[in-house]
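Here is the structure we will look at.
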Amino acid sequence: MLNRVGNSVSSIFVLLLIAMAQLGYAQVPDTPQQEDILPEADPLKVDRFNVEFLIVEGMHHLAIDDKAKALDSFMKAHQIMPENAALNYQIAKILKDSDDKNQALFYISKSTEKDQSNYYYQALKAEIQTELGSLSEAIQTYENLYKFSENAPDDYLLELAALYLYSNDLNMALNTYDRIESRIGILEEVSTQKQKIYLKQNKLKEAIEEGKRLVNAYPKIGDYAVSVAQIMLSNDKKDDAINYLKSYLDDYPNQALVQMELAKLYRQNGEFELALPYFEKAFTSEEIPLEDKLNNFVALIQKITSENEQKKLKALGQNIIKIHSTDANAYAANGDLYFALNQKDSAKYFYSKAVNINGDNLQLWQNLLSIEMESANYKNVVKYADEALTYFPNQPVLYLYGGSGHFSLKNYKMAIMNWEQGKSIVYGNPRLKSTFAAQLGDAYHANQQFDKSFRSYEEAIEANPSNYFAINNYAYYLSLRKENLDRAKELSSRMVQANPDNATFLDTHGWVLFQKEEYEEALKYLEKAAENSNSATIVEHYADALFKTGDKDRALEVWKKAKSLGGASDLIDKKISEKKYYDASI
């Protein structure tokens, strides 16, 4: 990095005192001559003492960051010594910091007029000119800085180059960067700026060569090689980028950043077999951030299909865990892999590890709950939902899962409690509110609280008129109880119009019509439902309708089929043996 000599308060104090001494203090000779001795009452000597006091006072105020008082002291000293370059510099510096830039420029100009070789003065003047927008003047001042001072620090050249860039004088900017390199060698920030200039000038070859110069100067910094490849990529030279990175890795095979970049390029080309070995090396490095690994890992999950590639991808997942064994995201990514491969037990293992490390990820809990629900592990659903709620007590979806677990375990009161709590914190989401209300309808019905059940279904339908599962259950339970059959018919009719091929919905509508004793119309829907389902209940309903419409032989045949399917009503044997319909309504 470039180092600028500090312009500390003590340095300026020394300059001030030296300048003051140059004004009036002379070394006293061994044998003083009369004309060299000032009389005691000489006013000039008194002024020098006053200046010294004012300078010391001003520096004290600066040290305690009281710039207003410091400026007052320096201005009083300036009245006595207006041409003192160091004093003008200090005044200019305070005025610049106080945003009085025009006055600051006035005083610093007096400093540079008095002493052109002092790069402190020239640098401050250039900064003020830059802030005033006088770029050409600032450029000239920086040029003067190096013209009159051989010992000026190198980093002022960076300021000069930046001004040339801002003025769109790209050639002079390049020239200035070359001057920097001639003084201190190749630097990343200088080389990078030169590459940008070449690209702006449409000099791709020069930009690439400049990048390679930086790589050659610092060959073990993989970032620089990656930058060269990215320039190639941004100019539609992907093959060149791949070949360059491969060549670089031949000489420096352990550069994880380069391995990662090359792997990405192969992945983007769809060449997964070529990408995987480089990913394998990169993923074992702590130099590559976990986020970068996971982004690429997820992208591979979505694309890789062959068994061999999947095996290698699992190995990559293990590499991630080895390096990032305490990070929940490492386990979560492996869970996503096995979930995508439909290996749910393994996915569950990794998700559970992830939430044990860090439970602050709602999506992980949802993934885990989804797997447990799908696997019918209802006790685990309840367990994980309760654990997740300790982290996310205001997330309705967790109450939805918890209630579902309890409902499946026939813990209806606990299901109701979960779903009522979840519904109470749903805002601005009528579909979710409808889902909770529909679930409560099921739970209240199972708990034989029928009035509450039917009110919940109505609430569900009001919140979401297209909640056909709520409509189906509500209409069916009304038909079983032979209550409000007109409402059941209205709802189920709308349901089958929207879902004409759904066997369950057809059966419900047909059974509502059956209970209304509209047997011929019921038969149409129940026959279609039975044609598309192997449900014993649906087939039995069809047989009942056949019986009611007079086709008793066919009804007996279909009742027997319903029994063979398993799950028919308790009256199925009686219907078959007596060849007669019996009402199983509640």
Side-chain angles (χ1 to χ4, degrees), residues 404 407 430-446 450 453-551 554-555 557-559 561-562 565-569 571-572 575 581-586:
S404 297
F407 184 84
R431 294 180 68 86
L432 185 57
K433 179 81 79 173
S434 175
T435 298
F436 272 106
Q439 298 289 77
L440 281 164
D442 293 346
Y444 280 126
H445 192 275
F450 302 119
S453 171
F454 295 156
R455 285 199 297 271
S456 293
Y457 286 131
E458 287 287 358
E459 182 183 355
I461 295 165
E462 181 181 0
N464 177 17
S466 297
N467 189 338
Y468 296 117
F469 293 99
I471 291 173
N472 178 74
N473 290 3
Y474 182 29
Y476 187 66
Y477 289 143
L478 285 174
S479 73
L480 291 182
R481 295 184 63 79
K482 296 184 180 180
E483 290 184 20
N484 204 356
L485 291 176
D486 289 339
R487 176 63 169 159
K489 179 180 178 180
E490 172 199 342
L491 291 172
S492 62
S493 177
R494 176 156 58 86
M495 176 178 69
V496 295
Q497 286 177 7
N499 305 272
D501 298 317
N502 186 299
T504 300
F505 294 172
L506 290 166
D507 173 71
T508 294
H509 182 55
W511 196 245
V512 168
L513 296 173
F514 184 95
Q515 297 291 57
K516 285 177 65 65
E517 299 183 1
E518 298 175 15
Y519 300 123
E520 293 292 344
E521 190 67 14
L523 181 62
K524 296 177 185 178
Y525 290 95
L526 294 173
E527 181 177 20
K528 186 175 181 181
E531 287 173 353
N532 294 286
S533 173
N534 285 320
S535 163
T537 298
I538 291 175
V539 172
E540 185 176 356
H541 284 167
Y542 172 46
D544 294 344
L546 286 168
F547 183 90
K548 285 293 186 179
T549 55
D551 195 346
R554 177 68 177 147
E557 180 183 337
V558 177
W559 277 330
K561 178 182 178 182
L565 291 171
S569 73
L571 295 171
I572 191 68
K575 289 177 182 180
Y581 168 74
Y582 284 94
D583 190 353
S585 300
I586 296 173

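Since the model is a prediction, treat every value here as computed from it, not as a measurement. Index from 1, following the sequence.
For the pair E521 and K516, the salt-bridge criterion is not met [side-chain N within less than 4.0 Å of a carboxylate O]. A salt bridge between R455 and E458 is absent, with no side-chain N of the basic residue lying under 4.0 Å from a carboxylate O of the acidic one. A salt bridge does not link E531 to K528: none of the charged side-chain nitrogens sits closer than 4.0 Å to a carboxylate oxygen.
Between W511 atom CH2 and L513 atom CG the span is 11.5 Å, to the nearest 0.5 Å. Note that NE2 of H541 is 13.5 Å distant from CG of L506, once rounded to the nearest 0.5 Å. We find the OG-CD1 distance between S466 and I471 to be 7.5 Å, quoted to the nearest 0.5 Å. Taken from CG in L526 to CD1 in I538, the straight-line distance is 9.0 Å, to the nearest 0.5 Å. Taking OG of S453 as the reference point, atom CG of N473 lies at 8.5 Å (rounded to 0.5 Å). The line from CH2 of W559 to CG of D544 is 6.0 Å long, rounded to the nearest 0.5 Å.
Between F514 and Y581, the ring-plane angle classifies as perpendicular under the 30° and 60° cut-offs.
The shortest non-hydrogen separation linking S404 to Q439 is OG-NE2, 3.7 Å. Minimum heavy-atom separation, A522 to G510: CB-O, 3.2 Å. Between A460 and A438, the closest heavy-atom pair is CB-N, 3.6 Å. Shortest non-hydrogen contact noted between Y468 and A498 is OH-CB, 3.3 Å. Shortest non-hydrogen contact noted between K575 and S569 is NZ-OG, 4.3 Å. Of all heavy-atom pairs spanning A443 and F407, the tightest one is CA-CE1, 3.6 Å.
Counting only distance, with no hydrogens or angles, the side chain of Q515 and the backbone of S479 share a donor-acceptor pair below 3.5 Å. S533 places no side-chain N or O within donor-acceptor distance of the main-chain N or O of A529, the cut-off being under 3.5 Å.
Put simply, the residue from T508, D507, V496, V512 that forms a side-chain contact (heavy atoms from CB on, under 4.5 Å) with Y525 is V496.
Side-chain contact of Y477 with E483: a donor-acceptor pair under 3.5 Å is absent, judged by distance alone.
In this structure, F436 and E459 have side chains that are not in contact, with every pair of non-hydrogen atoms separated by 4.5 Å or more. Put simply, the side chain of L485 does not reach to within 4.5 Å of the side chain of E518, judged on heavy atoms. Two residues are said to be in side-chain contact when any heavy atoms from C-beta on lie closer than 4.5 Å; L523 and K548 fail this criterion. L478 has its side chain within reach of Y474: a pair of non-hydrogen atoms, C-beta onward, lies under 4.5 Å apart.
In the displayed structure, N534 atom CG is contacted under 6.0 Å by at most 12 heavy atoms of other residues, nucleotides or ligands.
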Inset, instruction - Would you sort out whether Y542 and K561 count as a side chain to side chain contact (heavy atoms under 4.5 Å, CB included), showing the intermediate values? - result: CA-CA 11 Å; Y542 172 46; K561 178 182 178 182; over 6 Å; no
Inset, instruction - Go through the steps to decide whether L546 and E557 satisfy the test side chain to side chain contact (heavy atoms under 4.5 Å, CB included), and finish with yes or no. - result: CA-CA 10 Å; L546 286 168; E557 180 183 337; over 6 Å; no
Inset, instruction - Given side chain to side chain contact (heavy atoms under 4.5 Å, CB included), test F450 with R481 step by step and report yes or no. - result: CA-CA 10 Å; F450 302 119; R481 295 184 63 79; 3.3 Å; yes
Inset, instruction - Quick one: do K489 and D486 satisfy side chain to side chain contact (heavy atoms under 4.5 Å, CB included)? Show the steps, please. - result: CA-CA 5 Å; K489 179 180 178 180; D486 289 339; 5.6 Å; no
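Checked against the 6.0 Å centroid threshold, F505 and F469 count as a close aromatic pair.
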